[in-house]
Amino acid sequence: MYDQNPVFIPGPTNIPQRLLGAMQIQTRDHRAPDFKDTFLPVLEDTKRVFGTTTGQVITFPASGTGGWEAAVSNTLSPGDTVLVARYGMFSHRWIDLCQRHGLDVQIIECPWGAGAPVEVFEAALKADINHKIKAVLVTHNETATGVKSDIAAVRGAIDAASHPALLFVDCVSSLASMPFEMDTWGVDIAVSGSQKGFMLATGLAILCVSPKALTAMETAKLPRTFFDFKDMMGANANGGFPYTPPLQLIYGLREALKMLFDEGLENVYARHHRLAEGVRRAAEAWGMKLCAASPDLYSDTVSAIYVPEGFDSNALTEHAYSAYGVSFGIGLGEMNGKAFRIGHLGALTDTMVLSGLATIEMAMADLDYPITLGSGVAAAQEYYRKSKGAAMSVAA
Ligand SMILES: *Cc1c(COP(=O)(O)O)cnc(C)c1O
């Protein structure tokens, strides 16, 4: 079996050869005096991707879910109220995690395809005159629906209510692919992971924590041991780790940051926007609708696309995999069977995305979808030809 076909799932993403190489290192002693010379600059450089100078980067050996757990358990106490909107599978799972930690979760139900409900948040915060709500939790990029929320507007709602709540943001599927401005947006904890925009193997939760969240940590009572910020920051300050660090991922992250900075973060974001726009034009040419309710919500890292009535999106993704060896994202939760997802984040070029569009068209044609072979590819080609300029350099 060849492994040259890219995956079009929205994470884990394709790992470029350069990063596979960077992660392929022999064991080194993390207690050696020079480990800190490798590790500390990585933490420092990661701040640039979060858009912060005042935040503190903290990593744990975990997937993104571990990052959520770290955020919640380090800053909140049993019975604390948090405000969250549910508009997809990832916001749903974050709610579930809070409930299992004994928090009082004030849930705002939204249709899947909507973004964070800024006005409803503002009203809820204004009504909370005793400031029982300790944190507002927002999923920046809802990977299930392909919806990007406006984090600056959520901060605006908190400020308009003059409310002291912390703002926690899940940016697992947006960081290092779409603009993120932790300081400007007033984010208190941002949670990400190694296997999406950073193009690495899964296994490193990457967080950034504001001074305000660190103050909240001092009085927060939820239990934490493995995910203790204090233990981690204390060890990190001397260039160490409270337990065994995932060395290969740290070396990988160092190289991933070099790749992102070599290309230029602005160019990385522009490339993701172009790739996404080509996919959206393809969906339009097929006569298919995105789950995202309006263009301002369109995600530049993943598109969730409804299949026509009477077709089963699971049969489509299964056929693309079994007949052509290419993976696409399935519809999650209530979209299962009704939509498939094209992940377009990480190490991807125009050429790679066109191959994905061509493949899913073949799978659709095999299953008698009412589409014209080549129509989506042509729409994306037209767009890529006309918008090229910031395309990923082959040499980089
Ligand atoms: C991938 C993802 C996560 C984390 O999932 P893990 O499998 O634990 O890494 C969280 N939120 C969003 C929006 C994601 O896309």
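We count ligands from 1, going down the list as the structure has it; atoms in each ligand are counted the same way.
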Phe168 vs Trp68, ring pair (Phe, Tyr, Trp, His ring centres under 6.0 Å): CA-CA, chis, key distance, verdict: CA-CA 9 Å; Phe168 295 171; Trp68 284 342; over 10 Å; no
Mind listing the N or O contacts between ligand 1 and protein, cut-off under 3.5 Å?
{"unit_1": "ligand 1", "atom_1": "8 (O)", "unit_2": "Ser63", "atom_2": "OG", "d": "2.5"}
{"unit_1": "ligand 1", "atom_1": "8 (O)", "unit_2": "Gly64", "atom_2": "N", "d": "3.3"}
{"unit_1": "ligand 1", "atom_1": "8 (O)", "unit_2": "Thr65", "atom_2": "N", "d": "2.8"}
{"unit_1": "ligand 1", "atom_1": "8 (O)", "unit_2": "Thr65", "atom_2": "OG1", "d": "2.5"}
{"unit_1": "ligand 1", "atom_1": "9 (O)", "unit_2": "Gly64", "atom_2": "N", "d": "2.9"}
{"unit_1": "ligand 1", "atom_1": "9 (O)", "unit_2": "Gln195", "atom_2": "NE2", "d": "2.7"}
{"unit_1": "ligand 1", "atom_1": "11 (N)", "unit_2": "Asp170", "atom_2": "OD1", "d": "3.4"}
{"unit_1": "ligand 1", "atom_1": "11 (N)", "unit_2": "Asp170", "atom_2": "OD2", "d": "2.6"}
{"unit_1": "ligand 1", "atom_1": "15 (O)", "unit_2": "Thr143", "atom_2": "OG1", "d": "2.4"}
{"unit_1": "ligand 1", "atom_1": "15 (O)", "unit_2": "Lys196", "atom_2": "NZ", "d": "2.6"}

Validation row: Val169, Trp185 side chains within 4.5 angstrom (heavy atoms):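 Heavy-atom side-chain distance check fails, nothing below 4.5 Å.
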side-chain contact (heavy atoms from CB on, under 4.5 Å) partners of Ile108, counting only residues at least two apart: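 Partners of Ile108 by the side-chain contact (heavy atoms from CB on, under 4.5 Å) criterion, ordered by chain and then number, come out as Leu83, Ala85, Cys110, Pro117, Val120, Phe121.
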side-chain contact (heavy atoms from CB on, under 4.5 Å) partners for Pro242, two or more places apart: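 Only Asp231, Met232, Ala235 meet the side-chain contact (heavy atoms from CB on, under 4.5 Å) criterion with Pro242.
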Sequence neighbours excluded - side-chain hydrogen bond (donor to acceptor under 3.5 Å, both in side chains) pairs with any residue from residues 355-366: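 Those involving residues 355-366 are Trp286-Glu361, His319-Asp366, Tyr324-Asp366.
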Arg385, Arg274, Lys386 screened by salt bridge (Lys or Arg N to Asp or Glu O under 4.0 Å) with Asp350, the one that passes: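 Exactly one pass, corresponding to Arg274.
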